[in-house]
Amino acid sequence: MWRWVRQQLGFDPPHQSDTRTIYIANRFPQYGHYTPQKFIDNRIISSKYTMWNFVPKNLFEQFRRVANFYFLIIFLVQLMIDTPTSPVTSGLPLFFVITVTAIKQGYEDWLRHISDNEVNGAPVYVVRSGGLVTTRSKNIRVGDIVRVAKDESFPADLVLLSSDRLDGSCHVTTASLDGETNLKTHVAVPETAVLQTVANLDTLIAVIECQQPEADLYRFMGRMTITQQMEEIVSYFFSFYISLMERNSNSKKTPCSKKYAIPLGPESLLLRGARLKNTKEIFGVAVYTGMETKMALNYKSKSQKRSAVEKSMNTFLIIYLIILISEAIISTILKYTWQAEEKWDEPWYNQKTEHQRNSSKILKFISDFLAFLVLYNFIIPISLYVTVELQKFLGSFFIGWDLDLYHEESDEKAQVNTSDLNEELGQVEYVFTDKTGTLTENEMQFRECSINGTKYQEINGRLVSEGPTPDSSEGNLSYLTSLSHLNNLSHLATSSSFRTSPENGTELIKEHDLFFKAVSLCHTVQISSVQTDSIGDGPWQSNFAPAQLEYYASSPDEKALVEAAARFGIVFIGNSGEIMEVKTLGKLERYKLLHILEFDPDRRRMSVIVQAPSGEKLLFVKGAESSVLPACIGGEIEKTRIHVDEFALKGLRTLCMAYRQFTSKEYEEINRRLFEARTALQQREEKLAGVFQFIEKDLILLGATAVEDKLQDKVRETIEALRMAGIKVWVLTGDKHETAVSVSLSCGHFHRTMNILELLNQKSDSECAEKLGQLARRVREDHVIQHGLVVDGTSLSLALREHEKLFMDVCRNCSAVMCCRMAPLQKAKVIRLIKISPEKPITLAIGDGANDVSMIQEAHVGIGIMGKEGRQAARNSDYAIARFKFLSKLLFVHGHFYYIRIATLVQYFFYKNVCFITPQFLYQFYCLFSQQTLYDSVYLTLYNICFTSLPILIYSLLEQHIDPHVLQNKPALYRDISKNRQLSMKTFLYWTILGFSHAFIFFFGSYFLIGKDTSLLGNGQMFGNWTFGTLVFTVMVITVTAKMALETHFWTWINHLVTWGSILFYFVFSLFYGGILWPFLSSQNMYFVFIQLLSSGSAWFAIILMVVTCLFLDIVKKVFDHHFHPTNIEKAQMYSNTVAFSDEFIALQPLSRARSQLSKLRWKKIRVQSAQHMNLLKASTEGRTVGTC
Amino acid sequence: MTWSATARGAHQPDNTAFTQQRLPAWHPLLSASIALPLFFCAGLAFIGLGLGLYYSSNGIKELAYDYTGDSGTGNCSVCATAGQGRAPPPPCSCAWYFSLPELFQGPVYLYYELTNFYQNNRRYGVSRDDAQLSGLPSSLRHPVNECAPYQYSAAGLPIAPCGAIANSLFNDSFSLWHQRQPNGPYVEVPLDRTGIAWWTDYHVKFRNPPLVNGSLALAFQGTAPPPNWHRPVYELSPDPNNTGFINQDFVVWMRTAALPTFRKLYARIRQGNYSAGLPRGAYRVNITYNYPVRAFNGHKRLIFSSISWMGGKNPFLGIAYLVVGSLCILVGFVMLAVYIRCQDQNDDDEDDE
């Protein structure tokens, strides 16, 4: 009982074992004791809140943010002590901010609730008590047998029991899980595959044991123990149960001989969220439900990346906090110095109460300090966070909307997964890119192969020998020609004429046969469904011609190879169950597929074990040359190695094929060990790796293939542009170094003129250090030539382990770095190393495959390419684009815009709050530091919310300081904003000082205007303190808005509306507010104050004067900057403006033509500016700033 | 194949000016060619305005007299020493004699000025009950706590009007006498004590409590006057439209000043022979000296001022306009010089190319 309570309270985790035991259809053993494991139900809860906990939970979440908490504290201080401003002044903005955020989050959560309900309420069919029962998805329990029909998605993670096919296979698309659109085949274990009806299934008594839920989509380990099947005799019934009970109570005991223990792997697990395709229906037993499904476990939000802007924002906030506290301390100290004299502390006209006199000195001091804090607290911009968040959220839509980032062929637009990093796109200093699928299309074309030491090339669908062969005879060639024609000449296939060629010919045929058989057998390619019954699945279904077969593969290399083999006459027709059918020279051969040793990136190879029609058992291995060649003991190893290197030099991707023949004894051994490893519940992977190692040895080399991967469109231009923008490009790839170098050359990453340094095949630490030292010296000696560095994975890990500094020294001096033979984690490690180097550069990683995920997550900005290798990279990235070339627009245009926008936004917010609060501070010097406010509470409250909020928000969404075309064509402009330049201390100081000086102008302008309090009204009447404050406030609102207008370079009608609208709104609001006597408000300070102010001619003149004076300095600075020390950006602004005046297209034309067109413009002014363009163009090509004056 | 055609563009973003960030826009650029003419124009305009403002301010006359009574400065020092250290100070009167050689152009306004008096002290500024002043009977009986220590009298009666501001009401009074002929009799110049408060204050914001049996005194029954007052609020003036909370002196005083040196309008001179201003001759101002300021180093001054459309004499505005205008032009010239030099250089550069 006690334990139950503890379990319910969550002290004892209910599952303590490593495995879960599932009784299929929940047929628990009826005798004996067993402890049923508790599983959660199938309810998916993606929502964060419920109706009841929304308010407290949301409030709690929001107040965990420092800024909100700060304002809450201020609010509470205002409630507790006697403060100058009413609690409303900080309470209302806080309430506003909290409400806006809560509404946004509540809305999002509501949407999640709706989708949850839809998902949880979806009807599903469950086998219960011998029949099919409809129920809701959320009612599925672990152990239920679920029926899923075609095109339905799986409601839970199911272990496949049977499908409508005899072999128990089904096709699945996991598009909504990982975005991979290809069909995947899942198979049921043969023992259950026969149970195709509800009635049959009802007789199944079996137990599944599997691991506890984990997030990895591609890992599943379990075993099924069948204790009762319909064929079994009923009398055994009880004995099975008893043995089962024993098994459970004595935990792991060797299974009873009468029971099957069938290994279950990921191929029999159907994941929730995936969709059934091309299969009428399947039955599966739910093993993971609800929040324990792999889909739900993958739901977790990604680690939070913070942008550099956000970091500097926090620094600024701290500086302002220091300003605030020091202002409060100064005021408090001055107040007490002043009050030391009684005539100021308590003059006869302003006596204190007894209570005030007697209260504790220290308490008074503290409360005075707090009161000043409250008075000045608006210097910390409360709405900054909300505005920034809103700006990022709304602004990120522009990326998805951009037609230039839309890829028509794949119908993919850019995706934004995190809007927090928009501005970081403008700050990138290092780009780390994957090669395959990122720089290249990942569309493989078979090009060449090397068979048994002879090199062949595919030319127009024929295999032609190439290079010097000892006897390059006619016969040789003719054989190959005919071989490649065999699929067309199938009627000749059985003819013996080919077999009667010279002796080496038969040998050759055998070799070739074996080679291409290996190619067409050793793979995981699927034939897309010959047995489909829908219309939309494609045109090939009715046509059984082999050339029309459609192959589907998760790896494009495999697809290319199998297709090539088909072209050369060895056609893979498909696999039915465990039989692989291959049409060799027109003749159908059936191979029994015994085992697949799946590909994994550590082994870098895959293999299959098949039983040939002749009965011999063969192992075919396919893999990277580095992993296959060492395991070979026979075949033309040396020749092949040379060929492989030659292929690689041409930039082709190579794979080696090898085989091994097993004796039946060997096979039995292998079979047993494989079975053991596959059914192991613990450390299965290690065990499997061991067995694979054991199997894949003593190979005989067959040859090698070379596949070409086409470069993507405009890769060279993009890399060129990135380099002009001052971004260092690193290529990180798993490919061979020769392949990688040649691709690097062809995509412009390496130039022919570049001095290429190599750090390869380092075996030991000392060797590596020596080499690095050499390289460093070479780099230092030779400044003129650009250097490129090639490193391979092993050398890299050595270099990183001991000589990080030296290595980084070399790297920093190289304009291009390429790392080949990289493991996924090594990619991430390189990025981390660059990230923590002293300059702390901003890194960007771009890749398309699952192996790039770790580097995408490690880099400051991770970009996924939505390519052919599935969506994993895209899902884990911050931004996903369809093609590499889009990177230039994303960085140079969007990144640049977002950076400028947010930088100005942040600076402006601090500026306007300095303007706002400094007059308050100055006023204290004239009111005995009595904490008298200058502005009315309503103005205090609304300043940040209403009067000055919209222009900056719209600016930060729409601003384009330069034409996007210019930005894209002049990557050098990107350098102008690098290193967070717009938010450097210098600019921050400029804005802050500007804010202070404006505040001084507002305050002292008004102070001197009033002078000895002369009347400013035509009727001789006097203003009071509220009029004075309102005068300052009015000047401030106009100036601050006008300052924003000065910053704006891109005036759309929306900008006009909000800018002039804000000022107008201030006037209308003030007239309204001042014109109403609020009978229900005790504060009637503002009654008619604003109207009185406006009825004074002097006040109008003063307002104009002060606004102009404030802006005067700023305009002067701007004009000087623009003309006499222009940055590249400012030159480009002038440039694009001139272009707008004269000819729209100059910007888009090559330099020579632009120059000739410009020379026609004889107008003096234009000539001046055109000279500047020339400088700009020069600067952009040379990549450095050239001042005009 | 139509289905594939529609599917193809399914994710294609809309091609609108907004989504593609192509909204038509005006790109202003602060180039020198725009800024220079702007600077010159603005500078000239400001100088023009500044001159106008300066002269119109200069046309305004002001005549001031410090009657605080520092020792040896006229006869008010007697009153000042008499009132030293005594609260309440004894009634005392003194006078200020002056003569006008020529007409003091009207309309003439009489102000009093206090220095070092912090009406903007927060504790002082909040010590009032606006609800009470708007005539709310309940507030009359229960003044707000901010009024403390001028909330309830020693006898426990609610103070009306409560608070420090009301309690410290300026209570010096002035009368102006004119001697047309030398050694002739002094004739009292009529001082218009109405119209000195804001119209809205006098008519809307400040209201007397509803009369009880037609009597204001009864309406204030059960309240005590502020401790420093010698008479209750309903006896501030015999004029029923100028007594109680709507006494104009009181209303003027209640509009607290922004800075420690401030003026309050006392009266307007615009009646009878004096509507055109104060004619030349000798004048005497009789001062009833009640208000103690020496305790806080304050000063009291009397100011006669004429008023134009821009208010009182205020040279700041004109000077500021002149300064800013000249600065504009100066900067304009500097920029022009640099600009021309720069242009020459650019021409050279261009020739080199």
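These numbers come from the heavy atoms of this one structure, side chains and all, not from hydrogens, waters or symmetry mates. Because the structure is a prediction, the values reported are computed rather than measured. Below, chains carry the letters A, B, ... as their sequence lines are ordered, and counting in each starts from 1.
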Heavy atoms only: give me the nearest [X]-[Y] pair and the separation to one decimal.
| X | Y | result |
| --- | --- | --- |
| S930(A) | N120(B) | OG-O, 3.7 Å |
| L23(B) | T1052(A) | CB-CG2, 3.6 Å |
| L403(A) | P13(B) | CD2-O, 3.6 Å |
| N1085(A) | K205(B) | CA-NZ, 4.2 Å |
| L1105(A) | A320(B) | CD2-CB, 3.4 Å |

Which residue out of [options] racks up the most heavy-atom pairs below 4.5 Å with chain A?
| options | value |
| --- | --- |
| S139(B), A35(B), A197(B) | A197(B) |
| T200(B), N297(B), I307(B) | T200(B) |
| A257(B), P260(B), P149(B) | P149(B) |
| Y111(B), F39(B), Y118(B), F296(B) | Y118(B) |
| V126(B), N116(B), T115(B) | N116(B) |
| T256(B), D201(B), V324(B) | T256(B) |

- What about the rings of F398(A) and F18(B), do their centers lie closer together than 6.0 Å?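 That pair passes the under 6.0 Å test.
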
- Residue Q20(B) versus chain A: region with a heavy atom under 4.5 Å: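 Only the side chain of Q20(B) comes within 4.5 Å of chain A.
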
- Pick one of side chain, backbone, both or neither for Y109(B), based on which atoms fall under 4.5 Å of a heavy atom in chain A.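 Only the side chain of Y109(B) comes within 4.5 Å of chain A.
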
Counting only heavy atoms closer than 4.5 Å, note whether [X] contacts chain B via side chain, backbone, both or neither.
| X | value |
| --- | --- |
| V893(A) | neither |
| F929(A) | neither |
| I1010(A) | side chain |

Does some side-chain heavy atom of [Y] sit less than 4.5 Å from a side-chain heavy atom of [X]?
| X | Y | result |
| --- | --- | --- |
| T1027(A) | W198(B) | yes |
| M1022(A) | R255(B) | no |
| T1014(A) | E62(B) | yes |
| F117(B) | N350(A) | no |
| S1015(A) | L265(B) | no |
| L259(B) | K1012(A) | no |

- Message: Using 0.5 Å steps for rounding, measure from the CD atom of Q21(B) to the CD1 atom of I399(A).
- Response: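 The distance works out to 9.0 Å.
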
- Query: Y124(B) and ring pair (Phe, Tyr, Trp, His ring centres under 6.0 Å): which partner among Y349(A), W348(A), W344(A)?
  - Reply: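 Only match with Y124(B) under ring pair (Phe, Tyr, Trp, His ring centres under 6.0 Å): Y349(A).
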
- Task: Just say parallel, tilted or perpendicular for the rings of W26(B) and W1051(A), cut-offs at 30° and 60°.
- Result: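 Tilted, since the angle between the ring planes falls between 30° and 60°.
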
Among the listed options [options], the residue most often paired with chain B at heavy-atom distances under 4.5 Å:
| options | answer |
| --- | --- |
| L1009(A), D404(A), L934(A) | L1009(A) |
| H407(A), Q351(A), K413(A), K1118(A) | Q351(A) |
| L957(A), V1116(A), L1046(A) | V1116(A) |

- Query: Does E412(A) offer a backbone N or O that forms a donor-acceptor pair with the side chain of H11(B) under 3.5 Å?
  - Reply: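 No; judged by distance alone, with no hydrogens or angles, the pair does not exist.
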
- Task: Give a yes or no answer on whether the side chain of Q1021(A) reaches the backbone of G195(B) with a donor-acceptor pair at less than 3.5 Å.
- Result: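 Flag set: sc Q1021(A) to bb G195(B) pair under 3.5 Å.
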
- Scan residues 305-321 of chain B for pairs that pass side-chain hydrogen bond (donor to acceptor under 3.5 Å, both in side chains), counting only residues two or more places apart or in two chains.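 Residue pairs passing side-chain hydrogen bond (donor to acceptor under 3.5 Å, both in side chains), neighbours aside: none found.
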
